[in-house]
Amino acid sequence: GPLLARKLAAMLPRAAGEMRKKASFLTFGRATGQRRPPVRSTVRTGRFSMLDDLSTAHARIDQWESDLADRVVRANVLASRLVELTATGRDHDGLVEVSVDANGVPVDLWLGEGVRQWAASEIARQILAAMRAAHADLADRVADAARDAYGSDSTVAAAIAARMRERFGLGGDDVAR
């Protein structure tokens, strides 16, 4: 949930900085305009042959850094949306309502007057059913927010959605709400 998004957002800038430090050897002469002859590598790994000069390697690192910066922005957008999320679930009779925060922690419980006729065990069952419905609603809202942040065909969004469903013990899309 929100904690995962905040951790991801915190990790990405460090990773970009570390890549930049490790690649600093590639920038020799770049700032002064000096040109060095390209250094070529003929390392063969499996079916790939790597014949890259330093400018190609530097361009790749720039692209990685740009991709990481984009991921940081997306993670921050998602994190800001997640901290505000709440979800509500109801029992089948509408006499029990549970609201949960972005972490799935109950923040509100409403019981209708009709529950006075129920046995304590039935009230407990209906509270748990409403909480499961709230968790399912929360998982759907997190999945929607992840798709909005990363795109509907994103593997990141799909992984976040799957993790939320797993976290709350939800199966496929057949969970009753």
Side-chain angles (χ1 to χ4, degrees), residues 1-24 26-27 30 41 43-92 97-108 128-177:
L3 182 59
L4 173 66
R6 281 193 295 265
K7 285 182 180 179
L8 179 63
M11 289 175 14
L12 292 176
R14 285 194 304 260
E18 289 172 13
M19 280 190 346
R20 179 59 65 194
K21 286 178 190 173
K22 289 178 182 177
S24 64
L26 296 176
T27 61
R30 192 173 210 206
S41 168
V43 175
R44 289 192 177 272
T45 56
R47 59 190 168 104
F48 298 102
S49 175
M50 296 173 48
L51 297 173
D52 295 324
D53 62 16
L54 291 179
S55 62
T56 302
H58 197 4
R60 284 183 183 162
I61 290 171
D62 287 345
Q63 183 61 48
W64 291 339
E65 186 175 27
S66 174
D67 291 347
L68 285 174
D70 181 55
R71 289 180 184 191
V72 167
V73 168
R74 290 173 187 257
N76 284 333
V77 166
L78 180 60
S80 67
R81 287 201 53 203
L82 294 182
V83 297
E84 299 172 2
L85 279 183
T86 61
T88 300
R90 292 167 190 79
D91 74 317
H92 59 84
E97 185 175 287
V98 175
S99 295
V100 296
D101 67 11
N103 292 311
V105 176
V107 293
D108 193 24
L128 292 176
M131 187 176 303
R132 282 191 299 276
H135 285 158
D137 184 38
L138 178 63
D140 289 344
R141 289 173 186 241
V142 168
D144 290 343
R147 282 190 292 273
D148 288 347
Y150 290 100
S152 60
D153 60 344
S154 167
T155 57
V156 173
I160 291 169
R163 176 64 184 111
M164 284 302 290
R165 295 195 71 72
E166 176 186 314
R167 176 179 177 188
F168 295 123
L170 305 170
D173 294 330
D174 59 337
V175 175
R177 295 190 216 316

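Across all their heavy atoms, Y150 and I160 have their closest contact at CE1-CD1, 4.1 Å. The two atoms that bring L85 and V142 nearest to each other are CD1-CG2, 3.7 Å, heavy atoms only. Taking all atoms of both residues into account, the shortest heavy-atom contact from R74 to G151 is NH1-N, 4.3 Å. In terms of heavy-atom proximity, A161 sits nearest to A143 at CB-CB, 3.5 Å. When all heavy atoms of L82 and A145 are compared, the closest pair comes out as CD2-CB, 4.2 Å. V98 and A130 make their closest contact through CG2-CB, 3.8 Å (heavy atoms, listed as atom of the first residue, atom of the second, distance).
Residues satisfying the side-chain contact (heavy atoms from CB on, under 4.5 Å) test with S80, not counting sequence neighbours, are none.
With hydrogens and angles ignored, the 3.5 Å screen pairs no side-chain donor or acceptor of N103 with any backbone N or O of V105. Panel note: side chain R165, backbone L170; no donor-acceptor pair is recorded below 3.5 Å.
Taken to the nearest 0.5 Å, the CG atom of L138 stands 4.5 Å off from the CE atom of M164.
A salt bridge is absent between R141 and D144; no separation between the charged side-chain nitrogens and carboxylate oxygens falls under 4.0 Å. We find that R71 and D67 are not joined by a salt bridge, their nearest charged nitrogen and carboxylate oxygen being 4.0 Å or further apart. Between D91 and R132 no salt bridge is recorded (no basic side-chain N to carboxylate O distance below 4.0 Å).
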